[in-house]
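Here's the structure we're looking at; comments come further down.
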There are 2 protein chains.
Amino acid sequence: MSSTSASAHTYNGGSRQQGSSHRRRGMISMKDIANQAGVSIGTVSLVLNGKTENRVSQKTSEKVLQIAKELNYEPNAAAKTLKMRKSNTIGFLTDSIGSSPYAGTILLGAQDAARKLGYVLLMVNTNGDRRLEKQVLSVMRGYQPDGYIYALMFHQKVTVPSQLEGIPTVVVDGEDQRGLVPSYFPDEFSIGYDATTRLAQAGCQRIAYIGSPQGIVAEINRYEGYRQALADAGLEFDDHLVVHYEIEELGDNEAAAARHLISTVQPDGIFCFNDQRAAVVYDAARELGLAIGRDISIVGVDNEAIIASLLIPRLTTVELPHYAMGYQGVLRLVAQMDGVEALRPLVASDPYAATVLKQMDMQAVSLRCELLEKESVA
Amino acid sequence: MSSTSASAHTYNGGSRQQGSSHRRRGMISMKDIANQAGVSIGTVSLVLNGKTENRVSQKTSEKVLQIAKELNYEPNAAAKTLKMRKSNTIGFLTDSIGSSPYAGTILLGAQDAARKLGYVLLMVNTNGDRRLEKQVLSVMRGYQPDGYIYALMFHQKVTVPSQLEGIPTVVVDGEDQRGLVPSYFPDEFSIGYDATTRLAQAGCQRIAYIGSPQGIVAEINRYEGYRQALADAGLEFDDHLVVHYEIEELGDNEAAAARHLISTVQPDGIFCFNDQRAAVVYDAARELGLAIGRDISIVGVDNEAIIASLLIPRLTTVELPHYAMGYQGVLRLVAQMDGVEALRPLVASDPYAATVLKQMDMQAVSLRCELLEKESVA
DNA sequence: CTGAAAGCGCTTACAG
DNA sequence: CTGAAAGCGCTTACAG
């Protein structure tokens, strides 16, 4: 908690920027345009919405457009929403903005897709608190978003709030428990498979897995991928090479645990559940005098920016598709709300759009993740 | 970029969740309540807005409230906005969601404050692109946010977009170039001062500063704080103890540079511009056989979660007030828009509210940052 | 090709 | 204490 100081470094910039009076800035309306153009409001509406075909003369149309531009007209979303029962707004619900560095990337992807499709994001954080979630959701509903993105902090099974029932919704970085709500999440199995296979290709014979508490989806499937890759590479599975850390029970001893693992079972390659673990393994290996990328190969998951900047040699890692999940999630949502035709304008320039269109019949879509080759693998 | 796979891990959850038909879910309106209660819509409005004083009987009031609750009534924000010319919406503009782990924390603070004051956040990312900013802003204006938060990725001077002129706006983690728009940002001078003073207190005689490219506000003021603290501690300033890295020109050599600095000028304490630099210094010190927290003391800035979890011994660091900036920024904005009375309900339970009220006459507010004591200082 | 009018769900004088 | 009515800025049959 930081207190506030009115120190020498606080200065007063002079006069107040704006009064608290509620002078309505001259938001100009169709009426203004109609007056200036000498036509009716209805005509202005037609023109501004491009519905002039056989209904408005070329000349009138041009005049209206011209004046609208001069006046810097911006349609009043509230009026439009009220009349159309469509807000062109997407509710973005998340449990984790602020607690995860990745939430922002999902949001960015969602935002970019929304913008291209003419939507704006109403953002709300639930802190993972069901009671708060219910409260904010009911406020949000008043704004009548046309659909919702329900974004999680990491891949897990979730129950979508009942208030969203019947409203178009897409789960991102998570999976609807009941399999009814379309969900976009990383292909965890392939992450484990690709990482392990890469290590096997590098000639590793004793590939360890440093995992996560068991039970969460990401852990279960990455581990499966690890085992399948071993089998496909003709390597025998060895129980001793696997550890599923409970973060809590480890505390400061994660480093010690890593050292212990390395020195006792002597792996020549390690697939780490995430980059953070990989960073700890770096330290452990170094203390044991092992050269990473030569004596021992390491692969992480996340491509976490800060860790990436710190580790030497650079870490080979599997990147999680946060941006893609947010982006495709919104594409899917809009297709659901407005029909697949809504995506057509994008499809020529945007490979994601084509992908999403192909998957409209799948409720659960796993995104393949890319292995980024650096120098931590021999 | 991740491609998408329809692997064995993609399953079809069954029937489509919702049709694309636009059946309006029974958003119930005041009319519905009025009908059921046998009163007029106007009366319902009065009751639901708590304006019953001398205007509606206790009995009618209760009946209306009761029915509204049963029907799960949620006011239609679009209609209210249209009529009132007030959307109870705040536009949150940022250059960095997704590119900075801190943006989310600012957003979280803003969100929490907004919720308490009955506002909802309309979120928009500009990617630091002026053209895009202009475009998204004009769309956003259509939604008529009552005010704007203009949030930056790190403390810098900015020119607020001209489209925001005349609309209540608060800059967060940045400073309005012209000093006209209220701005909330970290007290950089104190960061440098407190960190350096802490090192001096620990008995350090040769305190180095590993900075950042010169020119940005954060660097200039932290450096000043460093120098002032040296002076106040009776320590002589030594040019050789200071380095202002240009990140770009350093690349992988940051570690080498740190090693070089430590071995040549032999500081016994180092104030690092941020935790990331501190992490590099950890490595360098260790390679030179120095025990951190004994042979050499280190202080960082940021309290970056991932780095904090990695460094041993734990890093003493100055925490940047991201949450507080977002929170207080919104408080200030609402006070600006709705008058200071709007904050009164909070003031009893919320120390931030009192603080903000005290600072209504300041355009630039620097927030004091907390030094978190860990074990990296002797 | 164009305009007048109704109506989306609210709030707020105004009349009673 | 209560209701009828106007109007916020749009869209869209409908009539001409």
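Letters A, B, ... mirror the listed sequences (proteins, then strands); counts begin at 1. The structure presented is a predicted model; accordingly, all values stated were derived computationally and were not measured. Just so it is clear, the values below take in all heavy atoms, side chains as well, and ignore hydrogens, waters and symmetry mates.
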Expected output: side-chain Asp176(B) to main-chain Leu180(B) donor-acceptor under 3.5 Å: yes

Ionic contact status for Lys86(A) with Asp338(A), cut-off 4.0 Å: yes

Out of dG9(D), dC1(D), dG9(C), whichever nucleotide has its closest atom nearest the side chain of Asn54(B): dC1(D)

Residue-phosphate contact under 4.0 Å: Ser40(B) side-chain N/O, dT2(D) OP1/OP2: no

Which residue lies more 5' along DNA chain C, comparing Ala78(B) with Val56(A) via nearest heavy atoms: Val56(A)

Identified pairing partner of dA4(D), criterion: Watson-Crick or G-U wobble below 3.5 Å: none

Side-chain donor or acceptor of Gln144(B) paired with backbone N/O of Ala78(A) under 3.5 Å: no

Touch class at under 4.0 angstrom, heavy-atom based, for Lys51(B) against every strand present: sugar-phosphate

Value in whole Å for how far the C1' atom of dT11(D) lies from CG of Asn88(A): 14 Å

Sugar-phosphate only, base, or nothing, as touched by Thr81(A) at under 4.0 Å among non-hydrogen atoms: nothing

Side-chain N or O of Lys86(B) closer than 4.0 Å to phosphate OP1/OP2 of dC8(D): no

Atom pair distance, as rounded to whole Å: NZ in Lys31(A) and C1' in dG3(C): 15 Å

Tyr73(B) side-chain N/O to dG9(C) phosphate OP1/OP2 under 4.0 Å: no

Ser45(A) side chain near dT12(D) phosphate (N/O to OP1/OP2, under 4.0 Å): no

Shortest side-chain distance from Leu46(A), nucleotide among dT11(C), dT2(D), dT12(D): dT12(D)

Whole-Å distance separating the CE atom of Met30(B) from the P atom of dA5(D): 19 Å

Toward the 5' end of DNA chain C, by each residue's nearest nucleotide, Asn76(B) or Glu53(A): Glu53(A)

Per Leu82(B) side chain, nearest of listed nucleotides dT12(C), dG3(D), dG9(C): dG9(C)

Backbone N/O of Thr43(B) and side chain of Ser40(B): donor-acceptor pair under 3.5 Å: yes

Rounded distance (Å) that lies between atom P of dC1(C) and atom CD1 of Ile41(A): 22 Å

N or O in side chain of Thr60(B) less than 4.0 angstrom from dC1(D) OP1/OP2: no

Gap between atoms NZ and C1', on Lys83(A) and dC10(D) respectively (whole Å): 8 Å

Under-4.0 Å side-chain N/O to phosphate OP1/OP2 contact, Lys80(A) with dG9(D): no

Below 4.0 Å: OP1/OP2 of dG3(C) and any side-chain N or O of Thr43(A): yes

Mate of dA13(D) where both pairing distances stay under 3.5 Å, Watson-Crick or G-U: none

Side-chain donor/acceptor of Asn125(A) to backbone N/O of Asn127(A), under 3.5 Å: yes

Nearest heavy-atom neighbours spanning Val139(B) and Val120(A): CG1-CG2, 3.8 Å

d(CE, Met84(A); C1', dG9(C)) in whole Å: 16 Å

Validation row: Gln111(A), Phe92(A) side chains within 4.5 angstrom (heavy atoms): no

Touch class at under 4.0 angstrom, heavy-atom based, for Asn49(A) against every strand present: sugar-phosphate

Distance in angstrom units between Arg55(A) CZ and dT2(C) P, rounded: 11 Å

Rounded distance in Å - OH (Tyr143(B)) to P (dG9(D)): 18 Å

N or O in side chain of Arg85(B) less than 4.0 angstrom from dT11(C) OP1/OP2: no

Short side-chain N/O contact to dG9(C) OP1/OP2 from Ser29(B), under 4.0 Å: no

